[in-house]
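We name chains A, B, ... by the order of the sequence lines, and we start the count at 1 in each one.
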2 protein chains.
Amino acid sequence: MPPRSGQAHELTTVDGLAQLSFLIYQLLERRAAAHDLSIVQTRLLGVLRDRRPTMNELGRLLSLDKSSVSGLVDRAERRGLVERSPSPQDGRAVLVSLTDQGRAIVADVAPRFGEDVAELLAPLSASDGRALSRIVSRALVAHAEEQGIDLFPAVPVDRRR
Amino acid sequence: MPPRSGQAHELTTVDGLAQLSFLIYQLLERRAAAHDLSIVQTRLLGVLRDRRPTMNELGRLLSLDKSSVSGLVDRAERRGLVERSPSPQDGRAVLVSLTDQGRAIVADVAPRFGEDVAELLAPLSASDGRALSRIVSRALVAHAEEQGIDLFPAVPVDRRR
DNA sequence: TATTGTTATACTCTATAACTATA
DNA sequence: TATAGTTATAGAGTATAACAATA
């Protein structure tokens, strides 16, 4: 039986966060679909926005096997969204970067997705909106510290190797 | 440049919610993988926990085409997790429900996932935790109302049609 | 005629295993 | 030998289109 809170139903914390996650996931999915992109392709472009990783690093960033990365980059490259170049440092390594076309898509999708999220939060009061942002940020920062992850990379705009 | 808030970094609302979503998504994915289940299969089982929908309704609940639902249910049925039965009301319709085995998996995954989420929120103060739950719930309820979706089905434990 | 569901088909996405080339 | 990446293969997941059965 769902608990009541005042006159309206309230979800449990877990159910609420799970549903919120799926919802936000779908918002991004829908915006990506406007460019005929899957979520994974979109994450690929997003990750490349401020990085120029090797295939290997890309696998770690996206939590994918190297063979999955090969296929992913193949399809993105075939569509002209990313490009491969040989690493000057390591004859075995391959660097992946956005093309202008890929960058244009990121520049289009990102703000629209931002609007979607803003719209989702529009029914909240201003103070609830601020509180949500602060609390979520706090939880993520604590989690990142525990995992030894840097949430705020130095943003190497044009790092070459 | 990321804004500062006191001594710690704070993410933008959009970035924070997006990251939180992917994180929660991954938590569920990891728990599901322990049963060799994909996220989609897990969502299928979760949706069936308190429903006995037709294939058609299932498609709406999971935002999938009917042909995708056919394949999804095929694979779950082959593994003994769900079962199809003819609708007594409509000769064309097919009802889908959990088997005991499917129910057992839900009963195992749900609390573990709940613990993962609780752990993620553990660094928050008690009042922040409550506020997060309340605010998220509020946003989801408002969104569901706008979309004409019922977040709280009447929980038909043993509804036959 | 319209709706429910399945099937055929094609593509994306993913991992494992075997392979090539470089370190 | 070890590492970086690709390829072959197999399977899940998805949608479109065509179809059969029922309403």
Original post:
Between the side chains of A/Ser85 and A/Arg52, does any donor sit under 3.5 Å from an acceptor?
Top reply: yes

**OP:** Whole angstrom is fine here: how far is it from CD in A/Glu57 over to P in D/dT3?
**Re:** 15 Å

Original post:
B/Arg79 near the nucleic acid: base, sugar-phosphate alone, or nothing, with a heavy-atom cut-off under 4.0 Å?
Top reply: nothing

Subject >> A/Asp36 CG - C/dC11 C1' separation (whole Å) >> reply: 12 Å

Subject >> Nucleotide of D/dT14, D/dA4, D/dA17 approaching A/Asp90 most closely (side-chain heavy atoms) >> reply: D/dA4

**OP:** Could you check how far CZ of A/Arg60 sits from P of D/dA4, rounded to whole Å?
**Re:** 8 Å

Original post:
For the residue pair B/Ile135 and A/Ala131, what are the closest heavy atoms and their distance?
Top reply: CD1-CB, 3.9 Å

**OP:** Rounded to the nearest angstrom, tell me the gap between atom NZ in A/Lys66 and atom C1' in D/dT3.
**Re:** 8 Å

**OP:** Could you tell me whether a side-chain N or O of A/Glu77 sits under 3.5 Å from a main-chain N or O of A/Arg84, the two making a donor and an acceptor?
**Re:** yes

Original post:
Atom CG of A/Leu37 to atom P of D/dA15: distance rounded to whole Å?
Top reply: 16 Å

**OP:** Measure from CD on A/Gln41 to C1' on D/dT14 and round the result to the nearest Å.
**Re:** 15 Å

Subject >> C/dT6 phosphate, OP1 or OP2, under 4.0 Å from B/Ser70 side-chain N/O >> reply: yes

Original post:
Rounding to a whole Å, what distance do you find between B/Met55:CE and C/dT3:P?
Top reply: 18 Å

Original post:
With a 4.0 Å cut-off on heavy atoms, is A/Gly71 in touch with a base, just the backbone sugar-phosphate, or nothing at all?
Top reply: nothing

Original post:
Can a side chain N or O of B/Arg75 be found less than 4.0 Å away from OP1 or OP2 on D/dG13?
Top reply: yes

**OP:** Looking only at side-chain atoms of A/Arg84, point me to the closest of C/dT16, D/dT6, C/dT14.
**Re:** D/dT6

Subject >> Between C1' of D/dA23 and CG of B/Asn56, the distance in whole Å >> reply: 14 Å

Original post:
When all nucleic acid strands are considered with a 4.0 Å heavy-atom cut-off, which category describes A/Asp65: base, sugar-phosphate, or nothing?
Top reply: base

Original post:
What do the steps show when you test A/Asn56 against A/Thr54 for side-chain hydrogen bond (donor to acceptor under 3.5 Å, both in side chains), and what is the final call?
Top reply: CA-CA 5 Å; A/Asn56 203 0; A/Thr54 64; 5.3 Å; no

